[in-house]
Amino acid sequence: MNPRSEERYNVRETEAKWQAIWEERQCFHARDDDPRPKYYVLEMFPYPSGRIHMGHVRNYTLGDVVARYKRARGFAVLHPMGWDAFGLPAENAAIERGVHPAIWTRENIAAMRTQLKSMGLSYDWSRELATCEPAYYRHEQKMFLDFLKAGLVYRKESWVNWDPVEHTVLANEQVIDGRGWRSGALVEKRLLNQWFLKITAFAEDLLKGLESLDRWPDRVRLMQENWIGRSEGLRLFFDLVDRDDRLEVYTTRPDTLFGASFCAIAANHPLAGELAKTNPDLTAFIGVCNRMGTSEAALETAEKKGFATGLTARNPLVEGQELPVYVANFVLMDYGTGAIFGCPAHDQRDLDFARKYGLPVTPVVAAKDVDPASLVIGTEAYVEDGVMINSGVLNGLPVADAKARVIDLMEDRGVGQRAINYRLRDWGVSRQRYWGCPIPIIHCPQCGVVPVPAEDLPVILPEDVTFDKPGNPLDHHPTWKHVACPQCGKAARRETDTFDTFFESSWYFARFCSPTETERGFTRAAADRWMPVDQYIGGIEHAVLHLLYSRFFTRALKVCGYLSVEEPFAGLLTQGMICHETYKDADGHWLLPTDVDKRADGSAIEIDGGRPVVLGRSEKMSKSKKNVIDPAGIIATFGADTARLFMLSDSPPERDLDWTDSGIDGAFRYVNRLWRMVVDPAVNLPAPGTACPADFGPTAKKARSQTHKTVALVGEDLDRFHFNKAVARIRELSNVLAEIPATDDGAGWALREGLETLARLIGPMMPHLAEELWSALGQTTLLVDSGWPEADPALLVEDSVTLAVQVNGKLKGTVSLAKDVDTETAQAAALALPGVAALLDGKPPRKVIVVPNRIVNVVV
RNA sequence: GGGGGCGUGGCGAAAUGGUAUACGCAAGCGACUUAAAAUCGCUCGACUUCGGUCAUACGGGUUCAAGUCCCGUCGCCCCCACCA
């Protein structure tokens with residue numbers, strides 16, 4: 001036995017060795033003056049929570065394969081990594097464990113950086129950034145002030161989710177079933193002064209821009225389209241009877257104006273507030289509306305409720321008609337004008353409301369062939385298309401024409417105008433939090449809102465704060481908020497709110513272009529050099545928020561002269577989640593996979609105590625369900641390459657991936673198999689660089705053809721991110737190479753060619769193993785520097801092909817023919833097949849279809 | 001309620017409208033071994049009278065040909081949601 005085969009592939013030593021060599025030689029350093037075409041690949045940067053999880057492993061493996069592949073293909077690759085380091089968990093750690101958020105965050109970054117490095121990721125670490133450092137966030141304070149100057153920022157009182165226990169605003173996604181996600185307290189609506197970024201100014205542009213993003217998943221584009229929610233309709237005024245005032249309403253159904261039977265305004269509508277001043281019952285009703293739950297269940301069961309204000313409004317289209325005005329719980333202040341007219345016959349909510357309060361229900365649209373007289377609206381509104389009835393001048397018009405006619409009429413009379421409305425709302429960026437970027441504003445009793453002068457930037461977050469009281473520590477700080485007004489010099493107060501953490505992640509991709517720039521975040525030259533990101537990779541959960549904010553932010557930066565592009569991410573890959581089986585004990589408590597012993601029959605018991613375990617379905621790995629596997633243990637045991645291979649091989653990247661122990665075992669077996677194939681080859685290999693022999697035996701010849709075909713196919717697969725297929729093809733090649741008999745002419749040469757190719761093809765996926773194999777094969781260069789193999793076109797063409805032969809579309813056999821034979825030859829060969837001849841029974845076929853090199857279909 | 005996606009062996013999955021089930025996992029059998037692990041080899045959709053026949057959730061349709069395109073049904077998943 002060859003003594004070397006007794007050695008085992010030493011994962012730890014080998015991976016550490018190559019990581020050190022790559023780092024020492026700065027293999028992944030991106031140079032701004034590199035003349036080759038650029039390729040910017042970026043993965044969504046992590047929040048430094050303390051440890052990496054499997055989702056990170058998948059995300060960064062995918063990105064690293066793309067980066068290493070593009071590098072091999074001759075691109076100047078920018079592949080950076082950083083930390084989305086502001087955020088709530090750091091404050092929670094401070095409250096719960098007494099650690100300062102800055103210390104907690106920096107320690108987590110250090111720990112996670114070590115973990116990421118153990119994965120062998122090809123980052124340019126010289127560009128690393130952390131958003132919690134003043135060197136980073138100072139620039140976004142400047143950007144905010146530039147946006148303010150450009151009219152893209154404003155301050156407004158708005159209704160927010162207020163957690164009365166934590167004394168802070170919550171984002172919508174932090175409100176679960178109407179309660180604060182941490183405190184569990186019922187969330188209230190509060191009117192608060194907040195800073196807003198005018199994302200709605202770009203609504204149309206953000207919508208249009210989606211069309212150009214042809215390398216984004218359709219799903220994400222559609223989600224953003226729905227989120228922006230463009231609608232076309234009419235804004236019109238209803239005069240209020242006996243009041244010198246009118247009510248502005250937005251509708252997408254101006255055609256149904258003849259069927260109107262009431263108007264309704266939101267509880268937070270200014271008119272409701274005014275009326276409530278003299279009406280305690282209305283005040284109470286508004287209070288009820290503001291406390292109303294916003295959970296799915298609450299909305300489903302919530303009754304339509306209204307409060308008759310006693311006011312009436314004149315229907316601008318129907319002479320003499322007066323409609324009662326209600327305050328209604330189902331009208332939203334922040335969509336349209338916060339006021340509607342109700343047409344019960346053709347809107348389900350309006351119908352529910354009308355039935356409850358005994359309001360008239362007049363159908364004004366009927367399906368084309370329905371007799372209007374027989375039309376009865378019961379408990380279901382008619383929302384389909386049709387023709388106008390009961391509508392005076394509109395009668396007989398199709399809905400679309402009636403809409404246009406009413407809009408024209410209202411515009412002519414000056415009581416309304418065509419309007420486009422968006423569901424998208426301006427981005428409120430104020431948070432009553434400590435661990436975030438301070439908003440660079442000073443409030444002066446004399447001068448009002450005063451921006452911090454550029455020369456006083458950055459406004460640095462003070463570190464000497466306490467977390468013993470609820471609310472924002474910046475508010476409790478004894479000195480920090482007290483400053484002199486930059487304009488009048490008198491005592492003034494700093495803004496103590498900080499930015500939403502989506503602010504930092506909205507421009508970090510540009511910062512990576514010139515991470516040490518001190519003047520304005522990044523130089524225009526560097527941004528022009530590297531932007532846009534050619535391939536962005538991350539979770540689908542950011543389909544709207546982060547990706548939409550970043551698209552807006554990039555446009556705003558362009559307006560302010562920072563960069564030239566509008567779209568930050570030219571290509572987007574959204575990866576699926578990592579799932580794992582779930583386990584519960586008899587009492588219904590979740591169990592960790594490490595506490596469970598799976599048995600051969602599929603059942604499972606608790607390792608400690610042996611009680612039976614209830615197996616649950618595979619679900620997204622989460623701490624709450626305890627179905628998590630720590631990547632650190634996997635990497636320590638099996639190595640980074642095994643973990644990476646597993647992440648790539650079982651499912652396409654956009655699909656969810658089931659973690660299985662047997663899957664990781666299989667990947668590890670393959671890593672070792674490849675290693676053995678090289679260090680202990682079945683056939684003696686010629687020296688590297690030996691000239692190609694003139695003749696090859698049949699199997700060696702086939703193997704060579706397979707080698708070159710695999711090069712071509714794996715390249716296509718990687719171009720399309722079909723990593724699972726690339727892995728399958730590589731495995732196929734190794735299966736073929738293992739079959740070459742030593743007796744074949746040129747066997748050793750064909751095997752060396754195959755193994756060298758294999759090493760290069762696995763380079764992006766299993767980089768440590770690839771380097772190890774490359775060097776074991778006697779190569780003296782680094783594999784990362786050796787480019788991508790080229791397929792020999794001569795070896796890609798087959799001289800013979802197998803054609804399927806069908807009769808009436810059913811497979812009856814195959815024939816082997818020379819490639820590209822003429823139709824007649826193929827047809828004759830097919831008809832000569834015994835099975836085919838028998839079915840024909842001597843008669844000529846009705847028709848024969850020949851698809852060259854593929855199939856012959858005989859129709860009888 | 002609105003929008004979108006998916007349904008292929010025991011499992012993860014392949015398949016420009018053209019030989020369905022590549023590649024892997026699990027399982028079974030065998031070799032090596034005192035034994036186990038590791039490794040290597042073979043079998044592996046269903047039924048079969050061994051000629052074949054039937055299988056891509058279900059029912060229709062288009063086509064010489066459908067997992068793939070169209071219509072409908074069922075099931076699962078995701079996103080948004082009193083958006084006027």
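Letters A, B, ... are given to chains in the order of the sequence lines, protein chains preceding strands, and every chain is numbered from 1.
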Parallel, tilted or perpendicular: rings of A/H546 and A/H542 (30°, 60°): perpendicular
Whether A/F341 and A/F238 hold their rings parallel, tilted or perpendicular, with breakpoints at 30° and 60°: tilted
Electrostatic pair A/K725-A/E716, nearest N-O below 4.0 angstrom: no
A/E204/A/R230 ion pair, N-O < 4.0 Å: yes
With a 4.0 Å cut-off on heavy atoms, is [X] in touch with a base, just the backbone sugar-phosphate, or nothing at all?
{"X": "A/R219", "value": "sugar-phosphate"}
{"X": "A/N724", "value": "sugar-phosphate"}
{"X": "A/R729", "value": "nothing"}
{"X": "A/T802", "value": "base"}
{"X": "A/D352", "value": "nothing"}
{"X": "A/L332", "value": "base"}

Donor-acceptor under 3.5 Å (A/D426 side chain, A/I199 main chain): yes
Side-chain (A/S649) to main-chain (A/V727) donor-acceptor, under 3.5 angstrom: no
Contact check, side chains of A/P764 and A/R644, non-hydrogen atoms, under 4.5 Å: no
Check: A/I762 and A/Y670 side chains under 4.5 Å, non-hydrogen atoms: no
Centroid-centroid distance, A/F638 to A/F646, less than 6.0 Å: no
A/Y357-A/F262 aromatic ring centre distance below 6.0 Å: no
Whole-Å distance separating the NZ atom of A/K620 from the C1' atom of B/rC76: 19 Å
Spacing of A/D650 atom CG relative to B/rA22 atom P, expressed in whole Å: 15 Å
Contact under 4.0 Å: A/T660 side-chain N or O vs B/rC25 OP1/OP2: no
Quick one: which protein N/O atoms are closer than 3.5 Å to N/O atoms of nucleotides 26-31 of chain B? Pair and distance per line, please.
{"residue": "B/rA26", "atom": "OP2", "partner": "A/R669", "partner atom": "NH2", "Å": "3.3"}

Nucleotide of [options] approaching [X] most closely (side-chain heavy atoms):
{"X": "A/R731", "options": "B/rG24, B/rC83, B/rC82", "value": "B/rG24"}
{"X": "A/M223", "options": "B/rC79, B/rA84, B/rU39", "value": "B/rC79"}
{"X": "A/R854", "options": "B/rA13, B/rG18, B/rA81", "value": "B/rG18"}
{"X": "A/N735", "options": "B/rA13, B/rG24, B/rA84", "value": "B/rG24"}
{"X": "A/E732", "options": "B/rA13, B/rU19, B/rC23", "value": "B/rC23"}
{"X": "A/K810", "options": "B/rC79, B/rC54, B/rC83", "value": "B/rC54"}
{"X": "A/A728", "options": "B/rA14, B/rC40, B/rC23", "value": "B/rC23"}
{"X": "A/K725", "options": "B/rU19, B/rC83, B/rA15", "value": "B/rA15"}

In whole Å, what separates the [atom1] atom of [N] from that of [M]?
{"N": "B/rC23", "M": "B/rG60", "atom1": "P", "result": "34 Å"}
{"N": "B/rG24", "M": "B/rG30", "atom1": "P", "result": "23 Å"}
{"N": "B/rC64", "M": "B/rC78", "atom1": "P", "result": "42 Å"}
{"N": "B/rC82", "M": "B/rG75", "atom1": "C1'", "result": "29 Å"}
{"N": "B/rG59", "M": "B/rG45", "atom1": "C1'", "result": "23 Å"}
{"N": "B/rC25", "M": "B/rC44", "atom1": "C1'", "result": "13 Å"}
{"N": "B/rA20", "M": "B/rA26", "atom1": "P", "result": "29 Å"}
{"N": "B/rU73", "M": "B/rG9", "atom1": "P", "result": "24 Å"}

Nucleotides 47-53 of chain B: protein proximity per nucleotide (B base, S sugar-phosphate only, - neither; heavy atom, under 4.0 Å): ------S
Check: A/K304 side chain, B/rC82 base, donor-acceptor under 3.5 Å: yes
CD (A/Q417) with more than 12 external heavy atoms under 6.0 Å: no
Where at least one partner belongs to residues 346-356 of chain A, residue pairs that pass salt bridge (Lys or Arg N to Asp or Glu O under 4.0 Å), sequence neighbours excluded: A/E303-A/K356, A/D347-A/R349
Whichever of A/W227 and A/S649 has its nearest RNA chain B nucleotide further upstream toward 5': A/S649
Polar side chain donor-acceptor pair, A/Y583 to A/E581, under 3.5 angstrom: yes
Between A/D820 and A/N853, a side-chain donor and acceptor under 3.5 Å: yes
All N/O pairs under 3.5 Å across the protein-nucleotides 57-64 of chain B interface:
{"residue": "B/rC64", "atom": "O2'", "partner": "A/N857", "partner atom": "ND2", "Å": "3.0"}
{"residue": "B/rC64", "atom": "O2", "partner": "A/N857", "partner atom": "ND2", "Å": "2.7"}

Dot-bracket encoding per residue of RNA chain B, Watson-Crick/G-U cut-off under 3.5 Å, | denoting interstrand: (((((((..(((.....[....))).(((((.......))))).(((....)))..(((((..]....))))))))))))....
Residues in contact with RNA chain B, drawn from residues 252-271 of chain A - heavy-atom cutoff 4.0 Å: A/T252, A/R253
